[in-house]
Amino acid sequence: MKLTLYRRDNCSLCEEALVMLEWLKEDYPFELELIDITTDDALEAKYMFEIPVVLHEDTVISQGRYDDSKVEDFVKYTLTSKKNV
């Protein structure tokens with residue numbers, strides 16, 4: 001499973017989200033992709049006021065202030081449901 005974090009430098013909410021996701025990775029096996037929105041004009045226009053944004057495929061899990069319990073619940077459910085399929 002891969003989560004994507006849309007972020008930018010000098011964003012305290014983004015740094016907080018990154019720390020929380022790194023801690024979550026200690027308990028659950030997932031890949032974390034970091035994307036700096038300032039490297040792409042379309043991403044910057046789309047997410048400028050919404051970062052940090054955490055996605056799994058096309059599903060937005062958390063947007064704006066990072067929601068740790070929502071992200072952890074999503075990761076737990078997704079990993080559990082894939083094991084039982």
Side-chain angles (χ1 to χ4, degrees):
M1 179 169 101
K2 179 170 81 171
L3 297 183
T4 302
L5 174 63
Y6 286 103
R7 58 180 302 281
R8 72 169 166 244
D9 289 340
N10 300 315
C11 168
S12 61
L13 293 176
C14 299
E15 293 306 314
E16 178 184 327
L18 179 57
V19 167
M20 299 303 288
L21 287 163
E22 291 293 339
W23 282 347
L24 191 61
K25 281 177 61 176
E26 292 177 10
D27 294 326
Y28 302 98
F30 66 88
E31 180 184 340
L32 181 59
E33 176 183 23
L34 304 177
I35 297 180
D36 183 342
I37 64 167
T38 63
T39 63
D40 182 303
D41 290 339
L43 287 177
E44 191 167 26
K46 184 175 183 177
Y47 294 120
M48 181 182 303
F49 301 109
E50 307 297 326
I51 59 171
V53 179
V54 179
L55 288 100
H56 174 258
E57 297 171 354
D58 293 327
T59 303
V60 174
I61 305 167
S62 179
Q63 191 168 349
R65 184 168 294 279
Y66 179 79
D67 187 336
D68 188 47
S69 62
K70 189 174 182 181
V71 174
E72 184 172 2
D73 288 347
F74 181 89
V75 168
K76 261 195 278 193
Y77 175 79
T78 303
L79 290 174
T80 303
S81 65
K82 287 186 177 185
K83 287 180 180 176
N84 293 327
V85 172

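All values derive from a computational prediction rather than experimental measurement. Note that the numbering runs from 1 along the sequence shown for the chain. Just the heavy atoms: all of them, side chains too, but no hydrogens, waters or symmetry mates, feed the values below.
- Put simply, Tyr66 and Val60 are part of two different groups of oily side chains (I, L, V, M, F, W, Y) that touch within less than 4.5 Å, one to the next.
- Val53 and Phe74 sit in two unconnected hydrophobic clusters of ILVMFWY residues. Membership requires side-chain heavy atoms under 4.5 Å apart, directly or through other members.
- Tested against Phe30 for a side-chain contact (heavy atoms from CB on, under 4.5 Å), the candidates Leu24, Leu79, Thr78 yield a single pass: Leu24.
- Hydrophobic clustering of Ile, Leu, Val, Met, Phe, Trp and Tyr side chains at less than 4.5 Å, counting indirect connections, keeps Leu55 apart from Met1.
- The hydrophobic clustering, which links ILVMFWY residues whose side-chain heavy atoms are closer than 4.5 Å, places Leu34 and Leu43 apart.
- Looking at every heavy atom in both residues, Lys76 comes nearest to Thr80 through O-OG1, 2.7 Å.
- Atoms CD1 and CD1, on Ile51 and Ile37 in that order, are 4.0 Å from each other to the nearest 0.5 Å.
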task = Start with the C-alpha distance between Asp27 and Val75, add both sets of side-chain angles, then the distance that settles side chain to side chain contact (heavy atoms under 4.5 Å, CB included), and finish with yes or no.
result = CA-CA 10 Å; Asp27 294 326; Val75 168; over 6 Å; no
Check residues 6-14 and write down every donor-acceptor pair under 3.5 Å in which the side-chain atom is one partner and the other belongs to a residue at least two apart or another chain.
from, atom 1, to, atom 2, distance (Å)
Arg7, NH2, Glu15, OE2, 2.5
Arg8, NH1, Met48, O, 3.4

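- From Lys2, atom NZ reaches atom CD of Glu57 across 9.5 Å, with rounding to the nearest 0.5 Å.
- Counting non-hydrogen atoms of neighbouring residues, nucleotides and ligands closer than 6.0 angstrom, the NZ atom of Lys70 reaches no more than 12 such neighbours.
- For residues 37-49, the pairs satisfying side-chain hydrogen bond (donor to acceptor under 3.5 Å, both in side chains) are Asp36-Thr38, with sequence neighbours left out.
- Between Ile35 atom CD1 and Leu5 atom CG the span is 9.0 Å, to the nearest 0.5 Å.
- Scanning all heavy atoms of the two residues, the minimum distance from Asp67 to Ser62 falls at N-OG, 3.1 Å.
- Taking OG1 of Thr4 as the start and CG of Leu32 as the end, the distance is 8.0 Å to the nearest 0.5 Å.
- Among all heavy-atom pairs drawn from Val71 and Leu21, the shortest one is CG1-CD2, 4.0 Å.
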